[in-house]
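Just the heavy atoms: all of them, side chains too, but no hydrogens, waters or symmetry mates, feed the values below. So that the names make sense, note that chain A is the first sequence line, chain B the second, and so on, each numbered from 1. Just so it is clear, the structure is predicted and the values come from calculations on it, not from any experiment.
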Amino acid sequence: MKVYNPAEVEKKWQKFWEENKTYNVKDHVEGKENEYILIEFPYPSGIGLHLGHCRSYTAIDAVARMKRLCGKNVLFPFGTDAFGLEAERTAIREKKLPQEIVERNIQVFHSQLKEIGLSFDWSRTINSCDEDYYKWTQWQFIQFFKKGLAEKQETTVNWCPNCGVLANEEVEDGTCCQCHAETTQKAKAQWVLKMTEYGERLADDLDKTDYLDHIKLSQLNWIGKSEGVEVDFEIKQGGKFSIFTTCIETIYGITFMVLAPESKVVDNLKDKITNWDEVLKYRAETAKKSEFDRTEMNKDKSGLKLQGVSAINPVNGKEVDIYIGDFVLAGYGTGAVMAVPTHDQRDYEFADKFGIPKIQVIEGDVSEKALEKYDYLGKGIKLINSEEFTGMTVEEAKVAITDKLVNMGVARKKLNFKMRDWIFSRQRYWGEPIPMINCPHCGWVPEKEENLPLTLPHVDSYEPTKDGESPLSVIPEFVNTICPVCGAAAKRETDTMPGWAGSSWYFLRYCDPHNTKEFASKEALKAWLPVKLYNGGNEHTTRHLLYARFWVKVLYDLDLVPVDEPFKKRISQGLILGADGKKMSKSAGNGVDPRIMVERYGADSLRVWMSFMGEYSEKVNWSEDGLKACNKFLNKIWNIQELVNGDNPTKELQFALNTAIKKVTNDIENNKFNTAISAIMILVNEIYKVKKLSNDEYKKLLLLISPFAPHLANELFDIMGYGRSIEDCAWPQVDEKALQLDEIEMPVQVNGRVRAVVTIPSSASQDEIVEIAKSNEEVAKFITGNIVKVIYVPKKILNLIVK
RNA sequence: GCCGAAGUGGCGGAAUGGCAGACGCACACGACUCAAAAUCGUGCGGGAAACCAUGCGGGUUCAAGUCCCGCCUUCGGCACCA
């Protein structure tokens, strides 16, 4: 017998798969059901594949491999997401073009992925920064625009006086991470996709998916759908503004109103406001704070009373003061709130700080803190101090007050979303150019679709400009163009799209990656969608997932894709931390290069260890000892060759084998890879105990390990003459008969404590089992009185309650 | 702060409300060997025992790592990193 040599075996099979295009898939195969299994396409960083990629890719590869053996026609594609700030910064640092860096990195990625034996369909590889890919990203943006879902809006950006617009992660404690200048918030017109129009469907359609519960919950919380009322407030000195509230029942408790400091309403009142200087000062202070700082609950409440103006509460005509406060954001809701200190803790603290009176309108104790909706809803609590509504329950009053205001014509029922529209502009070089043209006569018009892709010009300098405009804005050949509608001289949009753009639809392109007429044909999309299993990082369970769902819903409404939910099931892998329990990083020096591990122990050992090291969705600490152990385990499987003894299945092994088949099948299906491996280990231990097995039993063992250790399993298939390739075989079926036992072990408790484990015939009745239990010495010792109750859970436990 | 997740032996981790610690690592002992490595086998939470043990404090239950209430700690996200 040859010794197990992973390097040799793995090279052989990787070559075999490549030459035979084993994992290339057709859209239709007679008699086979299609199944689409997807991993998030990575950013191809220069470091190459890291352990985190290995963990998720090898685990999901195991799912794909098992599904194929189960007779499914499996699409399991790979691509790279190369646009974005990270690539741009790397390029600036290395003084190279992003294009060059990306190309180099992708090559490294591909070869590394092949070295760990992933069963991707390499004929479908895509890359989000390729022209024939982003052509379609641009084309889809134009469809969004034509549908009225893309428009320029006034937004706020982080502003550094030296470096221009900054990403949030480039701002540290109010200073620029590059030059350490103080940053401010600045208004800027940007392209926005109107995602809030899809808010309700994005929330409700989660019911159509099988996402893990916590992922659904994260999505729902992010969307933050709330039902409430939008109410108009007249300003005594002229004009009006609206607020949104989910607590209309507290409207009689209003003692002040708060506007966002930068609100247009405030500008309109400029002549009436007698402390305008203070307003300007407060605005300047606010501009220094990030949104995060502004809305943080624990911070000191800040605000400013607008002197000389007041608002009228429409429900009772009462006059109340108007404040500006930085915790109210101009871009969120209506940019104004009603304040009821007795029933909202933030308003309570604000009122205390500014000496504003409080009016209690709901029964309860408000002497120390506000009585909030979580305290009073659903308990039949009644209103006070609310004119004709006094004495109604909160729930009755909600309806009655809304009706009254709606009838008065000053209010509307409304859905509000915490989720905001998607800011789609970046003043960066390394992204898809937004294919829009600003014509002095026609306004914003899209580039002609036949002219796409609008290519990103190759330039020497692509660092952000000092004036905060995109690097493209200083390239006259790019900027100057003619209007596609009227032919007048016009200027191109110079902003590029965010990294999220290409990743919002790449899974559609995999269905038909070489199509030059459409982003994908209807037939191909129909053949594969929806994605059956989508795996990605936990950090993407809110935003990327939401953007992709939104994008697909829009395309669905345009009749361009056949599904309105792209992903049936979504799961996430946990992080791999360093051996020291800290995040792997260069500075911590705790990083591990998968290539070196493959060199030392082989790809199959690494694959098995990745799956075995812990619960898939939980973080784990790296340990090379565990990898060594997996190598040892594969060696044991290799050495079983010598124990194979004829073709008669041994009865003693059948129970262990079928238990393993059942467990491994269920576990892979449910993404419990660690216990799947442990089930195979138990089987192998059993084989070593019995020391002989049949060809059929060995073959089934090899099939069970093949999703995790495909090279080893294929090689042993070859050696044992079970077939040239494991791909031609079927996944083993459970023989339920082999799982039937004549006798079972039954733990016996007395008063809830296990006192013995007795062996009982599996056919025994409850009474018989009680008799067997009572006659057990250990049990009898603890039966010191009468048995007053017997709790028997078949096949689980017997509990005797003694008094 | 808000949203989400996690906390179990020396370590990684198992456990549809039903024998806590499966499986593995490390360790110890034994077999093989001149010897070592490799391999194979045995043992392995604490405690003499009664019992005590799943981050902390309460509760529900015949029975709680698991369910409920209140805390603590760690990690991820919070909209221009993707």
Side-chain angles (χ1 to χ4, degrees), chain A residues 40 42-43 81 83-89 155-158 165-171 188 190 195 212-215 217-222 224 291-293 295-299 331 418-428 498-500 502-503 537-544 546-547 572 574-575 577 579 581 583 609 612-615 617-630 632-633 635-636 639 672 674-675 677-682 685 688-689 745-757 788-791 793 795-802:
Chain A
E40 276 173 358
Y43 162 68
D81 188 19
F83 269 139
L85 190 55
E86 196 173 342
E88 182 171 301
R89 280 199 295 228
T155 62
T156 334
V157 294
N158 300 308
V165 180
L166 299 181
N168 284 345
E169 70 154 15
E170 295 175 302
V171 180
K188 179 152 187 59
Q190 307 212 79
M195 195 159 65
L212 298 180
D213 283 343
H214 77 264
I215 294 179
L217 196 57
S218 297
Q219 290 265 304
L220 271 178
N221 287 335
W222 183 273
E291 210 168 85
F292 185 87
D293 293 333
T295 51
E296 215 225 312
M297 269 301 279
N298 258 8
K299 75 171 180 106
K418 229 181 258 161
M419 177 182 71
R420 313 192 207 145
D421 286 331
W422 178 4
I423 297 174
F424 206 67
S425 282
R426 299 291 183 271
Q427 292 72 42
R428 305 274 178 180
W500 306 104
S503 60
N538 271 310
E539 70 276 19
H540 292 144
T541 52
T542 42
R543 302 188 52 200
H544 158 65
L546 197 68
Y547 292 146
S572 296
L575 276 179
L577 304 175
K583 226 172 155 173
W609 176 226
F612 184 59
M613 66 196 313
E615 218 289 312
S617 59
E618 297 296 329
K619 63 165 176 53
V620 280
N621 294 6
W622 172 255
S623 134
E624 195 172 327
D625 280 342
L627 174 54
K628 212 189 287 178
C630 289
K632 185 172 136 186
F633 168 60
N635 255 302
K636 278 174 99 167
N639 294 336
K672 306 191 101 185
N674 53 339
T675 50
I677 301 288
S678 106
I680 303 172
M681 287 174 169
I682 292 169
N685 289 344
Y688 271 76
K689 218 174 270 170
E745 304 283 296
M746 173 68 62
V748 180
Q749 296 183 328
V750 179
N751 289 343
R753 284 185 174 273
V754 175
R755 296 304 179 183
V757 178
V788 294
K789 196 173 173 189
V790 174
I791 292 148
V793 184
K795 293 193 174 131
K796 292 273 186 203
I797 208 154
L798 178 71
N799 190 5
L800 305 173
I801 309 304
V802 174

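Between A:F424 and A:W422, the ring planes lie perpendicular to each other; the angle is over 60°, past the 30° to 60° tilted range.
Listed candidates were B:C62, B:A82, B:C19. Nearest to the side chain of A:K789 is B:C62. With distances taken from any side-chain atom of A:K636 to the nucleotides B:C40, B:G76, B:C62, the minimum falls on B:C40. For A:R543, counting side-chain heavy atoms from C-beta on, the closest listed nucleotide (B:G13, B:G4, B:C80) is B:C80. Here B:A5 is the nucleotide among B:A5, B:A22, B:G77 with the atom lying nearest to any side-chain atom of A:E618. Comparing B:A5, B:C23, B:C19 by their nearest atom to the side chain of A:H214 picks out B:A5.
A donor-acceptor pair under 3.5 Å is absent between the side-chain atoms of A:D81 and the main chain of A:P42, judged by distance alone.
Rounded to an integer number of Å, the gap from A:N751 CG to B:C19 P is 17 Å. Atom CG in A:N621 sits about 13 Å away from atom C1' in B:C25, given to the nearest Å.
Within 3.5 Å, a donor on the side chain of A:Q749 pairs with an acceptor on the base of B:G18, or the reverse. Taking 3.5 Å as the limit, the base of B:C62 and the side chain of A:N799 contain a donor-acceptor pair of atoms between them. With hydrogens and angles left out, the side chain of A:E170 and the base of B:C81 share no donor-acceptor pair within 3.5 Å. Checked by distance alone, A:Q427 brings a side-chain donor or acceptor within 3.5 Å of a matching partner on the base of B:C80.
In B:G58 the base sits anti relative to the sugar, since the glycosidic angle is further than 90° from 0.
The P atoms of B:C51 and B:A64 are separated by 15 Å, rounded to the nearest whole Å. Taking atom C1' in both B:A63 and B:A49, one finds a spacing of 25 Å when rounded to whole Å. B:A28 and B:G18 have their C1' atoms separated by 34 Å, with the value rounded to a whole Å. Between B:G21 and B:C44, the distance separating the two P atoms is 12 Å to the nearest Å. Using atom P as the reference point in both B:C67 and B:A82, the two lie 38 Å apart (nearest Å).
No engagement by A:N635 is indicated, since no non-hydrogen atom pair under 4.0 Å with the nucleic acid exists. If you check every strand for non-hydrogen atoms under 4.0 Å, A:Y43 touches nothing. Among the atoms of the strands shown, base atoms are found under 4.0 Å from some heavy atom of A:W222.
Taking a pair as Watson-Crick or G-U with both hydrogen-bonding distances under 3.5 Å, the stems of three or more pairs touching RNA chain B are B:1-7 with B:72-78, B:10-12 with B:23-25, B:27-31 with B:39-43, B:55-59 with B:67-71.
Counting heavy-atom neighbours within 6.0 Å of A:K188 NZ, excluding the residue itself, gives a total above 12.
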Worksheet entry | Working for side chain to side chain donor-acceptor pair (under 3.5 Å), residues A:E615 and A:S617 | CA-CA 6 Å; A:E615 218 289 312; A:S617 59; 2.6 Å; yes
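OP1 or OP2 of B:A14 lies within a sub-4.0 Å distance of a side-chain N or O belonging to A:N674.
For the side-chain contact (heavy atoms from CB on, under 4.5 Å) test with A:E170, the passing option among A:N158, A:L85, A:V165 is A:L85; the others fail.
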